There are 2 protein chains.
Amino acid sequence: MEPKYKQILETIKKQIIDGKYPAGSMIPDQNTLARDFKTSRMTVKKALDMLAIEGFIYSKRGAGTFVKKNALAQKDALPVDSYRGLSSQFSKARVKSEPIVFDVTFPTSEIKERLELKQNEPVYEILRLRFVDDEPYALEHTFMPISLVPNLSQEVLFGSIYAYLTKEIHLEIGGAFRKISAEKASKNDIKYLASAETDPILQVEQVVYLQDGRPFEYSISRHPYNGKHAYTIFDRKN
Amino acid sequence: MEPKYKQILETIKKQIIDGKYPAGSMIPDQNTLARDFKTSRMTVKKALDMLAIEGFIYSKRGAGTFVKKNALAQKDALPVDSYRGLSSQFSKARVKSEPIVFDVTFPTSEIKERLELKQNEPVYEILRLRFVDDEPYALEHTFMPISLVPNLSQEVLFGSIYAYLTKEIHLEIGGAFRKISAEKASKNDIKYLASAETDPILQVEQVVYLQDGRPFEYSISRHPYNGKHAYTIFDRKN
DNA sequence: CAGTGGTCTAGACCACACC
DNA sequence: GTGTGGTCTAGACCACTGT
């Protein structure tokens, strides 16, 4: 059984998308909604709070709750989960992966620090060339502690590592820290991404954390300069 | 009077930072906390939910509420408000701005679309070179509808536009959409940012929205390649 | 002033984890 | 089973907006 506040949330969201509450208009007050949905005001409030977080509405004390002018732009917005890997951004059929390096090593001091490793725990080192629609999309250099993923097979590398981690093993992703920069093309970029020597490279360096805060993956992705693949985000103030 | 849930939130946050609840440990259950804080469980729950959003703790139904392993890393984390401008990232004294262009024009079709302008409303066009610690930090090309900011003076451009907008006028920022890419250096980059012709440029293109969803600023910032200034974010799954 | 949203209470029942 | 967090109720009081 889905919680009642989620049902209310979905109902109102659908009504906004369907145009029952146009952009800029006020939606019914919380007491009215509570009566209409045969529930308490607290439950309505929770639904409205979530809708505000999703970017559809905003509330002003003393005035009312209003549909945002650009509410409809939110309706196709992805939740923030690009660290789940490429497969959630693009349909699985369009993504291919070609492993270049798959090794087990001792981490350098920088990687040890990023992954908060205590002693000299070994890590996987994975270098993969990733394709979207058969075009090079990124060169991914990934490090993961072996202790967290004891049985990673080379086979998995051809597909989505994240699908394997969340389905096969029981790992819950909590968030990711990312650093995005523009870099000069390296030899590997020229070799694998077909970059020219003077092409700029978009680099995304990230540490992915589990729900309990343990770092779980450190990776550097390098994207070719082709005018197609930029990094996009929507920051919302709450 | 600050709401009670915020006081509870701050108290527990301080206790985590002070080491009363070490990383990985369980904090007292909600009923106990409600008794200790002389409040209801719902109020405690709200405080804990906010603490989870801030990245300090996580809860598991049936098990308990735990301090994240990297909770302390959150204690200096900035809230997501870099669209408030540079002055919130760096102390005001370190930031300088040099206006290059300050004009009023009719928008191109692309800018009209980004700012969702109906007719041919005029916009400000502002080109500013921004310095941090007297080094070129970014070349900012900004467009704002005149209708939203009727009285922007050239004087304001030397400082922080955002400080002026939120303090002098009564404008509330709601969020921003950003697109980050790596680009080749243009003539302007070479001229103002002292970039070499082969240097990559980190470009941040953004549309900033007001709380009610109206787009309010469209800007393109170009950052020089000096290994110092990357774009960083922390995505949290909630 | 009336109407709105923000917070809070003191309970209740349920779903889930762990033993 | 016991203890935990997730949801929900039916009220209440307060802060703020707009007239």
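Residue numbers begin at 1 in each chain, while the letters A, B, ... track the order of the sequences. Bear in mind the structure is a predicted one, so any value in this text is a computation, not a measurement. Computed from heavy atoms alone, side chains included, the values below leave out hydrogens, waters and symmetry copies.
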**Report entry** Among dT9(D), dG6(D), dG6(C), the nucleotide that comes nearest once only the side chain of Thr43(A) is considered
**Finding:** dT9(D)
Query raised in the report: Is the shortest side-chain N/O distance from Gln30(B) to OP1 or OP2 of dG3(D) below 4.0 Å?
Result: no
Report task. Measure from CE on Met26(A) to C1' on dG18(D) and round the result to the nearest Å. Result -> 11 Å
**Report entry** Pairing of Glu110(B) and Arg114(B) as salt bridge, 4.0 angstrom limit
**Finding:** yes
**Report entry** Spacing of Gln211(B) atom CD relative to dG5(C) atom C1', expressed in whole Å
**Finding:** 13 Å
Query raised in the report: Pick the nucleotide of DNA chain C nearest each of Ile27(A) and Met1(A); which residue has the one closer to the 5' end?
Result: Ile27(A)
Requested in this report: Would you check if Glu172(B) and Lys60(A) make a side-chain contact, meaning some heavy-atom pair closer than 4.5 Å?
Outcome: yes
Report task. Before accepting this row, confirm whether a basic side-chain N of the pair Lys68(A)/Asp212(B) lies closer than 4.0 Å to the acidic partner's carboxylate O. Result -> no
Query - Interface with DNA chain D, restricted to residues 4-11 of chain A and to heavy atoms under 4.0 Å - result: Lys4(A), Tyr5(A)
Query raised in the report: For dT4(D), does OP1 or OP2 lie under 4.0 Å from any side-chain N or O of Thr65(B)?
Result: no
Query - Derivation and outcome, salt bridge (charged side-chain N to carboxylate O under 4.0 Å, His left out), residues Lys13(A) and Glu54(A) - result: CA-CA 10 Å; Lys13(A) 185 194 292 186; Glu54(A) 291 188 27; 2.8 Å; yes
Query - Whole angstrom value for the distance that separates P of dT7(C) from CE of Met42(A) - result: 10 Å
Query raised in the report: Quick one: do the His141(A) and Glu125(A) side chains pair a donor with an acceptor below 3.5 Å?
Result: yes
Report task. May I have the distance from Arg35(A) (atom CZ) to dA10(D) (atom P), rounded to whole angstrom? Result -> 14 Å
Query - Nearest-nucleotide 5' precedence on DNA chain D, Thr32(B) against Thr39(A) - result: Thr32(B)
Query - Distance, rounded to the nearest Å, where Lys46(A) contributes NZ and dC8(D) contributes P - result: 8 Å
Query raised in the report: Are Ser40(B) and dG11(C) close enough that a side-chain N or O sits under 4.0 Å from OP1 or OP2?
Result: no
Query raised in the report: Could you give the CG-to-C1' distance, from Asp29(A) to dA2(C), as a whole number of Å?
Result: 12 Å
Requested in this report: Indicate the ring-plane relationship of Tyr209(A) and Phe234(B), choosing parallel, tilted or perpendicular according to the 30° and 60° boundaries.
Outcome: parallel
Query - Student check: side-chain heavy atoms of Asn31(A) and Arg41(A) closer than 4.5 Å - result: yes
Query - Interatomic distance, Asn31(A) CG vs dC14(D) C1' [rounded to whole Å] - result: 14 Å
Report task. Give a yes or no on whether the ring-centroid distance for Tyr58(B) and Phe66(B) is below 6.0 angstrom. Result -> yes
Query - Distance, nearest 0.5 Å, that separates CZ of Arg35(B) from OG of Ser40(B) - result: 14.0 Å
Hey, what are the protein-to-nucleotides 16-19 of chain C N/O distances that come in under 3.5 Å?
unit_1: dA17(C); atom_1: O4'; unit_2: Gly62(B); atom_2: O; d: 3.3

Report summary line: note: Leu51(B), atom CG; dG5(D), atom P; distance rounded to Å ~ 14 Å
